[in-house]
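Below: one structure, written as structure tokens.
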Amino acid sequence: MFFPKWTNNAVKLVLVLAVLAGGGVATVAGIVHQPKFTDVGYQPEQPLPYSHKRHAGDMGMDCRFCHTSVEQSSVSSVPPTQTCMTCHKQVKADSPRLAKIRESFETGKPMRWVKVHKLPDFVYFNHKAHVTAGVSCVSCHGRVDQMEEVRQVQPLNMSWCLDCHRNPAPNLRPKELVTKLDWVPPGDPVEIGREIVKANKINPPLNCSGCHR
Amino acid sequence: MKIIPKKVPINEPDGREYWRSLDQLADKPEFREFVEREFPDHASEMLDPISRRKFLFLMAASLSFAGLTACRRPVHEILPAAATTVEQVPGVATYYATIMPLGGYAQGLLVRSNDGRPTKVEGNPLHPSSLGATSAYAQASILDLYDPDRSQKVKKGGAASTWKDFVATVQPLFATLKGRGGAGLRVLSEKVCSPTLADLRAQMMAAMPQAKWVEYEPVNLDNALEGTRVAFGQPMHAHYSYDKADVVLALDSDFLCVSYGSVLNLKNFSKRRKVESHHHLDLNRLYVVESNFTVTGAAADHRLRLRTGEVRNFAFALAAELLKMPEMQAGDVATVIEKLGKADGGKFGKWIGALAKDLAAHKGKSVIVAGSKQPPAVHAVVCLLNRALGNEGQTVRYTRAFDEQFTRMTDALKELAREIDQGAVETLLILGGNPAYNSPADIDMASKIRKVPNSIRLGLYEDETTDAAKWHVNEAHYLESWGDGRSYDGTASIQQPLIEPLYGGKSAIEVVSLLLGEERAGYDLVKSYWMKQPQFATDGAKVWNKSLNDGLIAGTAFAEVQPVLQPAAIAESLDAAMAAKVSSELELSFVPCPSLWDGRYANNGWLQETPNPMTKLTWGNALLMSVATAKAKGLENGDLVTVSAGGKMLEAAVWLQPGHADNAATIALGYGRAKSGRIGQAVGHNSYALRTTENFYCVGNVTVTKTGQKLPMASTQEHHSLEGRPLVRETTVSEYSKKPKVIEEMAEVPELKSAYRHPLLNGEYQWGMTIDLNSCVGCNACIVACQAENNIPIVGKDQVIRGREMHWIRLDRYYTGNENDPQAVQQPVNCQQCENAPCEPVCPVAATAHSPEGLNDMAYNRCIGTRYCANNCPFKVRRFNFLNYRKELSEVEKLAFNPEVTVRARGVMEKCTYCVQRIQNAKIQAKSEGRRPVRDGEIQTACQQVCPADAIVFGNIADPESRVSKMKAQERNYTMLAELNIKPRTSYLARLRNPNPELA
């Protein structure tokens, strides 16, 4: 006899504990690694402190002034340096904060902005489809007009996408108001959305090839 | 366990037996083993030298590293252009019209540009050479643009140099040449189709009258041009309107696939193969007389296999028979008739009589066309016959050729070689082409080029000619340089680049301009030339913009001419042609390759891996011969033999081609490259080694000796076999008109009940496709188009042999009849998008699921690679990434990808999705414009768009007015394996043959 009898149970106990511990670690890791914890709040440092709050909020510039292709293309497009310079040739033309912009404009070398909202390569999100259907910028990007520097506010994962694709009404508004980030619906937003769904036959795809090709 | 009946019962309901390979016909054990395995032998074994243990070790290590690195979020940057671009909206594809020159003739194209990089070639619907369709060559040319093996530098004697150095060196040389009136200067170019280059040539000849300019193409129309010169006194281009012809006779001409103008020919020809119902049967009838079994031969209603050397005798006998008839009017042709009297038509059986009768019955509505392998006399007689049959002005038109002067290219090349030997050539400027490789063997151009003190070579690749020349200048691809070109009918177009030269390459016009003493940019040269032309006389800038936009310059097509027939000259030409003896020993014909043309596409992986339409061989050519001839010589598929003719030798592998003429062999040009890129080097056998100026297309008295070695052959003909089920259906016109339901009744479909729950098909659109087997000839364009559109990888010869080729659409070629003289049918097979798709329920991770619009969706990122779906697919259309075929991609190669389609990794299943990216984009476009639904025809799948035969129709079958619905309503419509209750969305329209009752 090398081991006392209780060790028979001890082995089982250790195994059960190990499984439980392993499962617990996996569960915690799984929860912690959800995009709503890992990705929401992502706010990288940009090459220069461009303030969306100043431009889109305080001065009330329309999103489409810079993100010109949002209604024509799958990408909303980050503006070329030339767009910045249309104003900043006159306004704050000598500001040291804009040195990089002037340099890019003079040399023709592009600005290296850091991407905030990143979808995997196998996802074919289309801005045109959403904006022209009446989904506002604010639904995915939040109140950018109140952000000094842009940060991610939504998890942008598949189940989050599908929530809206299954029930688009709460996120719909009249097309011409999509860039009015501070718009307050005059009534029940779901009711307004339902009207739009009906009127425009909004029917977001739920099958794979709707987004994956 | 899978159970397959011992001998596959392939007795078709109509009594035909279809087979894909000789092994299948003989029911050999090798074939049975291949078919019975779902995946080929060793398919799942790792091929790398790394052992399984080592692999697991590495995986564990990399996992732990991944665990560490995954903590940090990768930073992605957005780099918008500094300056605004007016034309381009980021993310929106734009199309530009341009041309692709091939062998001296321009093809009109529309090229898609995604954010500044060309990604896909389409035909230009406005251009008369394409009418919206393209060839496989044009489709694949995009890959050449991004080929990392392309020549990237100017080189001097093999060492890297620069364009600046080159200019500094050659400018004084060119100035001296100019001062001497060009004495000692020779230019060797490809056939010139560029009006700007022709103009520069004229300037050069004016400034340097003692210089000479030689054009050479290894695949050319010299025989046809000389034939028209004999018949009409000057070289002409013949244009055939196949859409107006009731009867077509092709004499050794593969006019539907591997020939100049095949896209247009097929476009027109297929118009007469469309059948709405049995009430309107307006089919043409195609007779083909040929040696090798070609795509055109497979499309024929009647095919006579004759050795290349014998075809002329057939032509003469037919002419004799036809011209005897009183209703033939061709002027005073008594001398010709007299000469032709010696022709013996008896040996062709009933053919001559029946054919002559059929042609005579369709006066003014027939076409006779001769192939470029046939001697000028045959072409001259064909001109005469088309005149006699009243086809001229109806189905046959003539325009002037590019040049009034005509010298045979081989003669000019021979003269050049002679001058080099005499030391008369001091400077040789070689513009494009690859003469050191593709010149006739008796000239030995490589050593001739080496003899020239100053040899300068402009080329896309560093190849055999580069090695021989002193200077090598890297040429710009047609998609990255300004130029222009004429198509066969004379229509001129501007060659508009879509991208800056990736490696700073130069074009031929830029080099010739330098020769003339001025370094000018291609754009200036082209524009300044055209601004002087009458078409640009008023509002030049506007015409220029319109020409760029349309892809052609209005009013540049050659005018039709009414040539004057020269019977005396024709009669004279007959002497030599009729006296020529047909070799009693084996004869060998040289043909351009359906994939590589003359070898210029040797480094193009897409084309190398595209199966030959008839042999289904990939990655290499072979010595094709008939079954009887091979048996007599004791040869089998893959036997390496020594072929010798006229003292020259070549080693080549044998491939048995059912339906090939006996005592004859055929080999494709373009393989066996001594120096090419990583793809094309030493693939196949260099048939130029046997080609001489005398025997340019066909050589007689060939001996073949077995070496005893066997080469592995990568033929796909047995891959994805469907085990003898009734998949292709065909009947004859007479049968069909008597019994319109004959196609439907060919397979028995029991009452179908299902125990499964089926996907809800409640989408607004229901996508479907029809493929008309009566139009499709199997030209391969769809395969390459699909590859380009859907980022499909190539896998290499070894992988193809293992059955791992990745093409989403394949062409199944079936033979029917006996092995010596079978008929053939082509059938494109892509994913059939079954409504009750067998692949879906077996996927453990739901990576493949049904869309409400009837598409069998494939989510690549979800696939874990169990391959159950491919196992369960009755059509074998799913393709598995056994290896990471995208592992070692350079940055340049990545530019070729279509950004709308995911690039798949190892271990992922993939397949046709009806180009779902195009469907989605069209739907989004329609929605965002506030317009619904998507218009019929707005979405074209890649295979449909490229198809010169318009055989593929795609659309919404929920709309009864859509074209696809109307096609599906036809009597010829059938789906494959309907009895399995899988309800494929792709259906086929059965093939009809239109035999001549007298020959049947």
Side-chain angles (χ1 to χ4, degrees), chain A residues 33 38-39 42 44-45 47 66 68-69 71-86 101 103-118 120-124 126-133 175 200-203 205-213, chain B residues 70-71 73-85 88-93 115 759 762-764 790-791 846-853 855-862 898-905 913-921 923-925 927-930 932-933:
Chain A
H33 272 85
T38 55
D39 290 14
Y42 176 57
E45 197 184 330
C66 297
T68 48
S69 64
E71 288 165 319
Q72 304 149 40
S73 170
S74 57
V75 295
S76 65
S77 76
V78 171
T81 319
Q82 197 175 334
T83 308
C84 311
M85 292 301 282
T86 45
I101 291 285
E103 189 195 322
S104 160
F105 187 63
E106 276 152 26
T107 59
K109 284 206 179 116
M111 291 293 298
R112 303 181 81 96
W113 301 104
V114 181
K115 197 166 189 170
V116 181
H117 301 93
K118 169 90 179 100
D121 286 347
F122 51 84
V123 177
Y124 288 83
N126 193 309
H127 275 91
K128 172 167 79 175
H130 291 83
V131 170
T132 53
K175 252 188 287 194
N200 297 339
K201 291 190 198 151
I202 304 286
N203 183 18
L206 291 169
N207 59 303
C208 311
S209 65
C211 312
H212 308 293
R213 305 158 191 168
Chain B
C71 297
R73 189 186 167 106
V75 171
H76 294 266
E77 288 182 319
I78 300 177
L79 280 75
T84 318
T85 42
Q88 272 177 2
V89 179
V92 177
D115 295 323
N762 57 358
E764 186 182 356
N790 291 303
N791 300 335
T848 185
H850 231 70
S851 90
E853 298 178 351
L855 293 180
N856 174 224
D857 283 351
M858 185 69 218
Y860 303 120
N861 203 56
R862 195 171 253 200
N898 180 1
E900 299 289 334
V901 180
T902 310
V903 176
R904 284 82 56 187
T913 56
Y914 280 166
C915 286
V916 68
Q917 65 280 7
R918 295 186 175 202
I919 298 177
Q920 295 297 354
N921 283 339
K923 274 167 61 185
I924 290 169
Q925 186 64 28
K927 271 188 202 170
S928 67
E929 286 171 9
R932 266 164 195 277

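By convention in this document, chain letters (A, B, ...) are assigned in the order of the sequence lines, proteins followed by strands, and residues within each chain are numbered from 1.
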Counting heavy-atom pairs under 4.5 Å with chain A, which one of [options] comes out on top?
options                        : result
B:K927, B:E929, B:Q917, B:E900 : B:E900
B:V903, B:V75, B:V916, B:N861  : B:N861
B:T848, B:I924, B:I78, B:L79   : B:I78
B:T84, B:V92, B:T913           : B:T84

> Would A:R213 and B:N921 satisfy side chain to side chain contact (heavy atoms under 4.5 Å, CB included), going step by step from the backbone distance to the final call?
Replying inline: CA-CA 11 Å; A:R213 305 158 191 168; B:N921 283 339; 4.0 Å; yes
Under a 4.5 Å heavy-atom cut-off, does chain B meet the side chain of [X], its backbone, both or neither?
X      : result
A:D39  : both
A:Y124 : side chain
A:P79  : backbone
A:K201 : both
A:V116 : backbone

> Would you say B:S928's side chain and A:A129's backbone share a donor-acceptor pair under 3.5 angstrom?
Replying inline: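 No.
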>> Can a donor-acceptor pair be found, under 3.5 Å and without considering hydrogens, that links the side chain of B:Y860 to the backbone of A:H212?
In response: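 The answer is no, because no donor-acceptor pair under 3.5 Å joins these two groups.
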Which atoms form the tightest heavy-atom contact between [X] and [Y], and what is the distance?
X      : Y      : value
A:S104 : B:A82  : O-CB, 3.8 Å
A:S73  : B:P90  : OG-O, 2.5 Å
B:P80  : A:M111 : CD-O, 3.5 Å

> Do other residues, nucleotides or ligands put more than 12 heavy atoms under 6.0 Å from the CD atom of A:E45?
Replying inline: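 Not more than 12 within 6.0 Å, no.
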> For A:D121, does the CG atom sit with more than 12 other heavy atoms under 6.0 Å from it, leaving out its own atoms?
Replying inline: no
> Using non-hydrogen atoms only, which part of B:Q925 is less than 4.5 Å away from chain A: side chain, backbone, both, or neither?
Replying inline: both
> For B:E853, is it the side chain, the backbone, both or neither that has a heavy atom under 4.5 Å from a heavy atom of chain A?
Replying inline: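 Nothing of B:E853, per the 4.5 Å heavy-atom cut-off to chain A.
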>> Heavy-atom pairs under 4.5 Å with chain B: which of A:G210, A:P110, A:S209, A:S77 has the most?
In response: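 Result: the option with the highest number of such pairs is A:S209.
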>> Just so I understand: if I count every heavy-atom pair under 4.5 Å between each of A:T38, A:T132, A:V131 and chain B, which residue has the most?
In response: A:T132
